[in-house]
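Just the heavy atoms: all of them, side chains too, but no hydrogens, waters or symmetry mates, feed the values below. Just so you know, residue 1 is the first one in the sequence shown, and it goes up from there.
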Amino acid sequence: MTKQEIIRLLETEDGEEVARLFAKAREIRKENQENKIFAYGFVYFTTYCRNNCNFCYYRRSNDIERYRKSKEEILATSKALIDSGVNLIDLTMGEDPKYHAEDFETVAEIIRTIKEEYDTPIMISPGVVSDAVIDKLKAAGADWYAVYQETHNRKLFEKLRVNQSYDERMHAKLYAREIGMKIEEGLLAGVGETTEDIADSLEIMGKIGAQQVRVMSFVPQEGSPMEGCSTPDRMLELKIIALMRILYPKALIPASLDVDGIDGLEDRINAGANLITSIIPPKSGFMGVAHNTLDVDEGGRTVAEAKVILERMGLRVATREEYKEYIGV
């Protein structure tokens, strides 16, 4: 599709045209993976962060309760997720000065243990780190490196990620790809971007070789400078998912439980997503990001709950081996 066609589809309010867009996205997904949907366990192990992003609840200056989980807690939660049927463990953290000070040795130990004992793929989401740290995390066994720009409009990036470097953030991804890691790129919808900005982001995601691409709707966070902003109509996120699927047929595209919980899963899968993210064990003490507690303790963010919805749709959760074959590890 041309850039203008992408923009037109993002802006259309023609219900029949949107339905055709979603149907095409589902058709492409089925061609590539039949009725399988992948599932990721989410382990957000430290909510301390040195950054002051204007959209984030966990921004440095927000006066909130935080946690920093022990190695034992992280491993126990990872095992519980693996036992429940997830295909990958997503180890996510704020840019916690403690881990930077110890040169990420504990994180590398956790990765090695999960890989050696459970033979499970790992995504590491540590924010911006040095090339040497990325080398260490890859050597420990991490398969994926995830760090999102949120937008590829540099001026908007500066407003969202205060006093952070667009180029340093992009470099971290490109370096991880260069040394053989798979990379994920993501954008945040509803933060002041234009439809042209979104079209540019979709193009850049392909150019940098991201094998997993994602979009999440902005959710206002208490105590942040953007607390009074509105969350966008979810149709925008759904259209972006469908366009991602059409542009990148084999890409991993998440349906995140972090935005609307389990109630938002079916719409995202129907738009062409092939992956469920932000699965969190109930009553584990771990949190999400956009909606940090939504459906967590109630058990809504589990493989079991996702299976009920997928089965009703004629779909199923893939096995770990099927996932590994799909990504080539």
Side-chain angles (χ1 to χ4, degrees), residues 40 42-44 46-47 49-59 88 90-96 122-129 133-134 137 142-177 181-193 197-219 221 224 226 231-232 236-237 240-241 243-244 247-248 251-259 268 273 275 277-278 288-292:
Y40 284 8
F42 186 65
V43 184
Y44 192 14
T46 173
T47 58
C49 191
R50 64 185 181 180
N51 294 328
N52 226 14
C53 301
N54 280 330
F55 58 87
C56 186
Y57 180 66
Y58 300 104
R59 67 195 309 264
L88 171 144
D90 178 3
L91 295 173
T92 299
M93 58 184 292
E95 293 192 16
D96 187 337
I122 292 176
M123 175 178 283
I124 181 69
S125 307
V128 177
V129 295
V133 168
I134 296 173
L137 299 176
D143 303 281
W144 291 87
Y145 179 81
V147 59
Y148 318 138
Q149 297 297 107
E150 317 295 356
T151 178
H152 298 87
N153 177 321
R154 287 175 177 266
K155 290 184 178 180
L156 181 56
F157 178 94
E158 291 172 3
K159 292 178 181 178
L160 297 174
R161 293 190 169 277
V162 181
N163 296 324
Q164 296 175 55
S165 167
Y166 179 101
D167 292 317
E168 284 182 10
R169 198 168 185 86
M170 182 60 75
H171 168 81
K173 276 189 285 281
L174 298 181
Y175 179 75
R177 185 198 65 187
M181 297 183 77
K182 302 175 189 306
I183 61 169
E184 181 185 25
E185 175 65 301
L187 63 97
L188 196 56
V191 287
E193 77 286 359
D197 290 334
I198 296 170
D200 287 338
S201 287
L202 293 176
E203 180 182 10
I204 290 169
M205 287 173 164
K207 284 184 175 180
I208 66 173
Q211 290 163 282
Q212 184 162 307
V213 292
R214 76 182 299 156
V215 56
M216 290 175 62
S217 294
F218 165 73
V219 176
Q221 300 297 316
S224 74
M226 295 175 68
T231 191
L236 177 61
E237 179 183 337
I240 295 171
I241 288 173
L243 289 165
M244 286 174 169
L247 291 167
Y248 308 114
L252 290 157
I253 302 173
S256 177
L257 300 180
D258 209 47
V259 178
R268 290 167 173 82
L275 162 67
T277 59
S278 295
V289 179
H291 270 137
N292 52 30

Can you give me the closest heavy-atom contact between [X] and [Y], atom names plus distance?
X: Glu185; Y: Val147; result: OE1-O, 3.5 Å
X: Val128; Y: Tyr145; result: CA-OH, 4.0 Å
X: Met123; Y: Ala146; result: SD-CB, 3.8 Å
X: Ile183; Y: Ala176; result: CG2-CB, 4.1 Å
X: Ala189; Y: Val215; result: CB-CG2, 4.0 Å
X: Gln221; Y: Phe55; result: CG-O, 3.3 Å

In Å and rounded to the nearest 0.5 Å, what is the [atom1] to [atom2] distance from [X] to [Y]?
X: Leu88; Y: Thr277; atom1: CG; atom2: OG1; answer: 10.5 Å
X: Gln149; Y: Lys173; atom1: CD; atom2: NZ; answer: 3.5 Å
X: Lys155; Y: Leu160; atom1: NZ; atom2: CG; answer: 14.5 Å
X: Tyr248; Y: Gln211; atom1: OH; atom2: CD; answer: 13.0 Å
X: Leu188; Y: Arg214; atom1: CG; atom2: CZ; answer: 10.5 Å
X: Leu202; Y: Asp197; atom1: CG; atom2: CG; answer: 11.0 Å

Within a strict 4.5 Å, meaning less than it, do heavy atoms of the [X] and [Y] side chains meet?
X: Glu150; Y: Val191; answer: no
X: Phe157; Y: His152; answer: no
X: Leu91; Y: Ile122; answer: yes
X: Val213; Y: Leu247; answer: no
X: Cys53; Y: Gln164; answer: yes

Next item on the list: Decide yes or no on side-chain contact (heavy atoms from CB on, under 4.5 Å) for Lys182 and Leu252, but give the supporting numbers first.
Entry: CA-CA 11 Å; Lys182 302 175 189 306; Leu252 290 157; over 6 Å; no

Next item on the list: Mind running side-chain contact (heavy atoms from CB on, under 4.5 Å) on Ile208 and Met170 for me, showing each step along the way?
Entry: CA-CA 9 Å; Ile208 66 173; Met170 182 60 75; 4.1 Å; yes

Report the residues that fulfil side-chain hydrogen bond (donor to acceptor under 3.5 Å, both in side chains) with [X], sequence neighbours left out, ordered by chain and then residue number.
X: Asp167; answer: Arg154
X: Tyr40; answer: Gln212, Tyr323
X: Ser217; answer: Glu237
X: His291; answer: none

Notebook entry, point to check: How would you list, by chain and number, every residue that makes a salt bridge (Lys or Arg N to Asp or Glu O under 4.0 Å) with Arg59, sequence neighbours excluded?
Noted result: none

Note to self: Between Glu184 and Tyr148, is there a side-chain donor-acceptor contact under 3.5 Å, judged purely by atom types and distance?
What the structure shows: yes

Checklist line | Donor + acceptor pair across side chains of Asn153, Thr151 (<3.5 Å) | finding: no

Notebook entry, point to check: Between Ile198 and Leu236, does a side-chain contact (heavy atoms from CB on, under 4.5 Å) hold up when you go through it step by step?
Noted result: CA-CA 10 Å; Ile198 296 170; Leu236 177 61; 3.9 Å; yes

Note to self: Has Thr92 got a side-chain atom pairing as donor or acceptor with Val43's backbone, closer than 3.5 angstrom?
What the structure shows: no

Next item on the list: Say whether, by atom type as modelled, one donor and one acceptor occur between the side chain of Asn54 and the main chain of Lys159 under 3.5 angstrom.
Entry: yes

Item checked: Stepwise side-chain contact (heavy atoms from CB on, under 4.5 Å) check, Phe42 with Val289 -> CA-CA 10 Å; Phe42 186 65; Val289 179; 3.8 Å; yes

Note to self: For Tyr58, give me all partners under ring-ring contact (aromatic ring centres under 6.0 Å, His included), at least two apart in sequence or on another chain.
What the structure shows: Tyr44

